[in-house]
Amino acid sequence: MNLINRSIQYALSAETGNTDSVVVGLYGKSDTLEINGTLTIVADDLDEGTTFDDLSKKQLFALATKKLPTLLPLWRTLTTNSLFRMTRRFD
């Protein structure tokens, strides 16, 4: 499945102005599955010594797609249909 990046939203700390997390919107569709959701990337998802401000849009998208496969089995158990729509905020 080909995924595309639909959005990137930065959450900034009111005290420091540093980025606390990033929400990435993903969309993809194949013959049997459609994914439309958002994933939140937190500091624990980053390599040690890396901050959100070090990462490009492409790198943030790569981190989000890396998290997605661990979340898909949860949705596959919710339906017995071969074609279903996933719409959920993945945190």
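We're numbering straight along the sequence, starting at 1.
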Looking at side-chain heavy atoms only, is the closest gap between [X] and [Y] below 4.5 Å?
X	Y	answer
Ile41	Leu55	no
Leu26	Arg6	no
Phe52	Leu60	yes

side-chain hydrogen bond (donor to acceptor under 3.5 Å, both in side chains) between Asn18 and Thr51: does it pass, once the steps are laid out?
-> CA-CA 9 Å; Asn18 294 333; Thr51 69; over 6 Å; no
What's the shortest heavy-atom distance between Asn5 and Lys57, and which atoms?
->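 So the two residues come closest at ND2-CG, 3.8 Å.
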Report, as yes or no, whether the 6.0 Å neighbourhood of atom CG on Asp53 holds more than 12 heavy atoms from other residues, nucleotides or ligands.
->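 Result for CG/Asp53: enclosed.
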Rounded to the nearest 0.5 Å, how far does [atom2] of [Y] lie from [atom1] of [X]?
X	Y	atom1	atom2	result
Thr65	Ile35	OG1	CD1	10.5 Å
Leu63	Lys58	CG	NZ	14.5 Å
Asn36	Leu3	CG	CG	11.0 Å
Asp47	Gln59	CG	CD	9.5 Å
Ser21	Asp45	OG	CG	10.0 Å

State which residue, out of Thr40, Leu39, Ile8, fulfils the side chain to side chain contact (heavy atoms under 4.5 Å, CB included) condition with Val23.
->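 Only one option passes, and that is Thr40.
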Exam field: side chain Thr50 to backbone Leu46, donor-acceptor pair closer than 3.5 Å |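 Not confirmed, Thr50 side chain does not pair with Leu46 backbone.
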